[in-house]
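Residue numbers begin at 1 in each chain, while the letters A, B, ... track the order of the sequences.
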Protein chains: 2
Amino acid sequence: MPTVSKEDYLKTIYQRIEEGEQASTSSIARTLKVSNAAATDMLKKLSLQGFVNYKKYKGVSLTAKGRKEALSLLRRHRLWELFLMKVLKLKWDEVHKEAELLEHKTSEKLIDKIDQYLNHPKFDPHGAPIPDKRGVLPKEKKFIRLDAAKENKIYTIVKVNDKDDELIRYFAEIGFKLNTKFEVKKIFNIDGTITVKNKKGQFNLSPVVAKNIFVREVRK
Amino acid sequence: MPTVSKEDYLKTIYQRIEEGEQASTSSIARTLKVSNAAATDMLKKLSLQGFVNYKKYKGVSLTAKGRKEALSLLRRHRLWELFLMKVLKLKWDEVHKEAELLEHKTSEKLIDKIDQYLNHPKFDPHGAPIPDKRGVLPKEKKFIRLDAAKENKIYTIVKVNDKDDELIRYFAEIGFKLNTKFEVKKIFNIDGTITVKNKKGQFNLSPVVAKNIFVREVRK
DNA sequence: TTAAAAAATTAAGTATGCTTAAATTTAAAA
DNA sequence: TTTTAAATTTAAGCATACTTAATTTTTTAA
Ligand SMILES: [Mn+2]
Ligand SMILES: [Mn+2]
Ligand SMILES: [Mn+2]
Ligand SMILES: [Mn+2]
């Protein structure tokens, strides 16, 4: 069993790779808010314990063992998020922080009860897929990042990045929830600002914000 | 905010004192399964931080600040126990262990939601009182320890010690739940064994077991 | 009231997971 | 291709919460 810290490292590495990016020491350190030195240190330990493949200066990847732990933690995190929202009525922007803590202290027995209570849900409140007991992920519908969308097309939101609660609050404020339909009105070439329009009105989204929204095109 | 370890120390000290016993270094160490040296060490730190009154060789007591933290942790623990049983259907002997972990990672916001969901319950599944948001405990009905009961009287169970899951399983097995009515048939002077009789049948309880059951006399 | 036993404390040291500062390696730019 | 910059690693050290062994204080019992 990895420690709390190690679980968070493995999850971070998994997510970096899943996003199609390099799991560099500095990106891990940045996400976990620790120094690069601390991350290097931990990568060495994780490697010794067989959770990651690590070669000095060459980056890191997960072994089967490490991937299993990462998926287990993601399962616990995402089930907690959904449970806290559905059952205990916590808000969309609150559940990530709470789940970040509870995830490490949740037994398999408990998480299976939660899974059962929720009737084996496939996605969390932010659209992220929930691995099943065996670590199998549900198939996701195709999506693109909003900053890669095209003008005058209609999209629906399938996933948002849940790491920043301020951002989530902003999404909620402008009526951007899961499955919200909206139209991309204009994309400014100068800075990539995207003008979108939904039931609530018209908004300008910066490219930084748009990168955190994942959408699927729908026909009018 | 005290650390996880410190919270557990404060809770242990509170409970030792509540039981009317001395919060000795060794009793704390025994409960927390650490060495006496570790406990001494921690008591010094807790004292420096104003959570306890501690004088070398003279034992320890809680300050107002320490008591507040202890009650806060007990609240989180006991609400979790009840929630896990009532909502997620964990068993009577399972909830203590789960709550022992979750208690430290539960925000005030979350515990208030749980409290609200359960409609501000006053007692946990083992009969222990749940402090309210302000740290106020509900009044408990008078009770005695079963090893102080008298022959040929009828009692009802108001509380059991939840620390040992094997013991809790045994209680369940012989039909000893909260509010179970039973009669004390005989108390053996030699070793203090108590013969009790309830709907399920007649059982001999050792004095060690009896010490963990709290009862109130009821008229036939 | 003193000697032995028990309880508590101090001392020295360990594992984990961090820090900052210095050194090294790799990547980018001139 | 060399120089510079960025990324990464190493080195040294710190805080927390433990351990075992030695010492001190208190309690109990002879
Ligand atoms: Mn976490
Ligand atoms: Mn999420
Ligand atoms: Mn605990
Ligand atoms: Mn309990």
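- For A:S5, no side-chain nitrogen or oxygen approaches OP1 or OP2 of C:dT16 to under 4.0 Å.
- Phosphate proximity of D:dT20 to B:S35: absent, as no side-chain N or O sits under 4.0 Å from OP1 or OP2.
- The listed nucleotides are C:dG17, C:dT19, D:dA17; the one nearest the side chain of B:K45 is D:dA17.
- In this structure, B:K6 reaches the D:dA17 phosphate: one of its side-chain N or O atoms is under 4.0 Å from OP1 or OP2.
- At the phosphate of D:dA6, neither OP1 nor OP2 sits under 4.0 Å from any side-chain N or O atom of A:Y57.
- Straight-line distance from the CG atom of A:N36 to the C1' atom of D:dA5: 15 Å, rounded to whole Å.
- Computed from coordinates, the A:D8 CG to C:dG17 C1' distance equals 13 Å when rounded to whole Å.
- B:A37 comes within 4.0 angstrom of a nucleotide base, judged by non-hydrogen atoms across all strands.
- Remark: P of C:dA8 and NZ of B:K58 are 12 Å apart, rounded to the nearest angstrom.
- At D:dT9, one or more side-chain N or O atoms of A:T25 fall inside 4.0 Å of OP1 or OP2 (strictly under the cut-off).
- Atom P of nucleotide D:dT19 and atom CG of B:D41 are separated by 10 Å, given to the nearest angstrom.
- Between the P atom of D:dA15 and the CG atom of B:L48 lies a distance of 14 Å, rounded to the nearest Å.
- Taking 4.0 Å as the cut-off between side-chain N and carboxylate O, B:D147 and B:R145 count as a salt-bridged pair.
- Between B:T40 and C:dA8 there is no side-chain polar atom (N or O) within less than 4.0 angstrom of OP1 or OP2.
- By the 4.0 Å N-to-carboxylate-O rule, B:K91 lies too far from B:E98 to be salt-bridged with it.
- If you take CE of B:M42 and P of C:dA8, they are 17 Å apart, rounded to a whole angstrom.
- The pair B:R75-B:D132 does not meet the salt-bridge criterion, since no charged nitrogen lies less than 4.0 angstrom from a carboxylate oxygen.
- Rounded to whole Å, atom C1' of D:dA7 lies 19 Å from atom NZ of A:K55.
- Applying the 4.0 Å criterion to OP1 and OP2 of D:dT10, one finds that A:K44 has a side-chain N or O inside that range.
- The aromatic rings of A:W92 and A:H126 sit parallel, their planes meeting at an angle under 30°, below the 60° perpendicular limit.
- One can place NZ of A:K56 at 15 Å from P of C:dA27, the figure rounded to the nearest angstrom.
- Note on B:Y54: every side-chain N or O is 4.0 Å or more away from OP1 and OP2 of C:dA8.
- A cation-pi geometry, defined here as NZ or CZ lying under 6.0 Å from the six-membered ring centre and within 45° of its normal, does not hold between B:K56 and B:Y54.
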